[in-house]
There are 2 protein chains.
Amino acid sequence: MSDLERFPAPHVAVDVAVLTVPPDGPLSVLLVRRSGDQGGMWALPGRFVRERERLSHAVTVTLEEKVGLSPTALREMSPRQLHVFDEPDRDDRGWVMSAAHLLALPFEQLSAALESEPVMLARIDGARAVAPGQRRLPYGQDAIVEFAVEEMRRLYSSTPDPEGLIAESDFTLAQLHDLHTAVLDAAWQIDTFRRHMIPQLVDTGRRSEGGVGRPAALYQRSA
Amino acid sequence: MSDLERFPAPHVAVDVAVLTVPPDGPLSVLLVRRSGDQGGMWALPGRFVRERERLSHAVTVTLEEKVGLSPTALREMSPRQLHVFDEPDRDDRGWVMSAAHLLALPFEQLSAALESEPVMLARIDGARAVAPGQRRLPYGQDAIVEFAVEEMRRLYSSTPDPEGLIAESDFTLAQLHDLHTAVLDAAWQIDTFRRHMIPQLVDTGRRSEGGVGRPAALYQRSA
DNA sequence: GGAATAGTGTCTGTGAGACACTATTAG
DNA sequence: CTAATAGTGTCTCACAGACACTATTCC
C-alpha cells in the first residue's frame, strides 16, 4: 500500500450510452440534463466511481440516480465497457478519465423516466446524437456515442437481438426485422433475414393473433 | 477542480501484452521479471500512469524503461487499448485499475532487449502464455493475454499483417502466409490465402533472389 | 533432366441476394 | 372475392476450399 501513495491518480468516471429503439422510431440515445457544470447541457449520464467500486456497478447506480431506473430492472443488465477516453484536458475540472460504456435497454424500461425526469431521447443520425438546440455533446461525448453506435451495429449485424431489446418470447420475425432495421439504419432483405435468423431462434409453436393478414409464427431467443 | 477532491480515485496502471512472432516460432508474448513485488515472477510489463499522462504514452514509456526499447522505434507504434480490469482486489497493494493494451512488434525490435534485459518471450498456447516454471501470470494477467491474443487473431483473420510485423516492403506471399499461420495458429490454404490477400497488397515488380525454386513476387503493404 | 518453390485454371459446395410464387388470415 | 401480411422455391452470383496443372528457378 505504502509506495502507491507516491503516484498521483486520475479521477475515473463512467459515462454511459444507453441505446434504445422507441416504437416506430430510430435508434436513440438517452441524454440527461447536467445540473451544475456545463450550464444545463444535455449529456450522457455519468458519474465518478466510488471507493473500491467496480465500473459496471458505477454504471448501474448512475442509471438509478440520474435516470430513475429501478434497481431490479438493472440487476440483469450488463453494461459493456467500450473504451477509456483519456485526453488530459477533456474535463476542465481536473484530470478525469472516462470509461465509456454501452447499455441497450428496451424502450418500455425508459418510458417512465422520460416523463418524470430531466431526461430525453436523442435520435442517432449517422453515428451522432441529435439533441435539439445543441450542436454537440460536452466532454467529447460525441465520440463515445459514435463508439457505442458502431459497437451496437456490429452486435446486431448477424445475431438476433443480442442485447434483448424486444420481449424475451413471442415476437414475430417482422418485429425482429424492424428492430434490426432501426439499429443498423439499413434494411436486410426480409427473406434473407428470415433464413439467417430462424436457425438462431426457437419457434414457440404459437401464432400471432388479431392482425391483418396471415398470422405470423412467434419466436423466442434461444438460450 | 474543487468538488473533485471529495471523490476518492483509484490508481490507474497500464499493462501491455507485446505480441511478436520470432523466426520460425509461434506467436509469443513478452514478459519481464517483476522486481519488488510478487517475488520475481514473470509478468507483463506495466506501470502506473503519471500526472496528466495519456495511457498510450504510459505504454511506450514502460517499454522504454522496463524492456529497453528505443524511443525512436516506439514513436510510430500505436498501442491498442483492450479493456480495463477493475476487480477491486486484483492488486494487494491497493485499489488499482489496469488498462490493458496490445502492441504488436517485429521480432527484430525485441531481439536486443531479450539478450540484455531480464526479459523473455513466452509461447502462446491456445490463448495463454506459457512461462517456464510458472503456472500463471500475477494480477490476473492471463486474462489480459487472452484478450490480446483474441484481438490479434481477429485483426489477422482477413487483413494482411495489419500491425506491421514484417518488413514494410519486399516480402513474399509465403512469408506473409507463415506469419498469419503463426498468429492464427491455423493455416489458410496457400492458394486461397494468395487470392484473398493479393488485392490488398501492392506488387513491387521485384522478385526474390537466391532461393531454391522459382523466385517469388515481392509485395508491400498498401497505404 | 529432377527437385523445389511460385503461381493459375477450374470444379464444387455453400450461402447471400433477388424475386416470383404460394399460404393464411380479415373484411 | 380483394387486400394484406407470412413464408417458400429457386435462380444467380460470389467466393472459399480443394486439387491438379503450369511456370521458373537451382543443381
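Computed from a prediction, not measured in an experiment: that's the story for all the values here. Order of the sequence lines sets the chain letters (A, B, ...), proteins ahead of strands, with each chain counted from 1.
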Worksheet entry | 5' precedence on DNA chain C between B/Leu173 and A/Gly213 (nearest-nucleotide basis) | B/Leu173

Practice prompt. Whole angstrom is fine here: how far is it from CZ in A/Arg206 over to C1' in D/dA6?
Written response: 18 Å

Practice prompt. Measure the distance from CZ on B/Phe193 to C1' on D/dC15 and round it to the nearest whole Å.
Written response: 17 Å

Practice prompt. Please state how far atom CE in B/Met197 lies from atom C1' in C/dG7, giving the value in whole angstrom units.
Written response: 17 Å

Worksheet entry | Test side chain to side chain contact (heavy atoms under 4.5 Å, CB included) applied to A/Ser98 and A/Val84, step by step | CA-CA 6 Å; A/Ser98 165; A/Val84 176; over 6 Å; no

Worksheet item: Among D/dG7, D/dA4, C/dA4, which nucleotide sits nearest the side chain of A/Val212?
Response: D/dA4

Worksheet, complete the sentence: Assign each of A/Trp188 and A/Gly210 the nucleotide of DNA chain C bearing its closest heavy atom; nearer the 5' end lies the nucleotide of A/Trp188

Fill in: Side chain of B/Ala174 - closest among C/dA18, C/dA6, D/dG7
C/dA6

Worksheet item: Using 4.0 Å as the upper bound for N to carboxylate O, is an ion pair formed by A/Arg34 and A/Asp15?
Response: yes

Worksheet item: Taking only N and O in the side chain of B/His196, is any of them less than 4.0 Å away from OP1 or OP2 of D/dC15?
Response: no

Discussion item. The side chain of B/Pro215 is closest to which nucleotide in this list: D/dT25, D/dG7, C/dG7?
Written reply: D/dT25

Worksheet item: Which class fits the ring pair A/Tyr219 and A/Phe171: parallel under 30°, tilted 30 to 60°, perpendicular over 60°?
Response: tilted

Worksheet entry | Spacing of A/His177 atom NE2 relative to D/dA6 atom P, expressed in whole Å | 11 Å

Practice prompt. Please report, rounded to the nearest Å, how far the C1' atom of C/dA23 is from the CZ atom of A/Arg194.
Written response: 12 Å

Practice prompt. Would you mind reading off the distance between A/Ile190 atom CD1 and D/dT5 atom C1', rounded to a whole angstrom?
Written response: 11 Å

Worksheet entry | Rounded distance in Å - CG (A/Leu218) to C1' (D/dA6) | 12 Å

Fill in: Atom pair distance, as rounded to whole Å: CD in A/Glu209 and C1' in D/dT5
16 Å

Practice prompt. Fit a plane to each ring of B/His180 and B/Phe193, take the angle between them on a 0 to 90° scale, and name the class: parallel (under 30°), tilted (30 to 60°) or perpendicular (over 60°).
Written response: perpendicular

Discussion item. Check this one for me: any side-chain N or O of A/Arg214 less than 4.0 Å away from OP1 or OP2 of C/dA23?
Written reply: no

Worksheet item: Do NZ/NE/NH1/NH2 and the carboxylate oxygens of B/Glu151 and B/Arg154 come within less than 4.0 Å?
Response: yes

Discussion item. At less than 3.5 Å, do the side-chain atoms of B/Arg195 and the base atoms of D/dG17 form a donor-acceptor pair?
Written reply: no

Worksheet item: Looking at C/dA18, C/dA6, C/dT25, which one has an atom nearest to any side-chain atom of A/Gln189?
Response: C/dA18

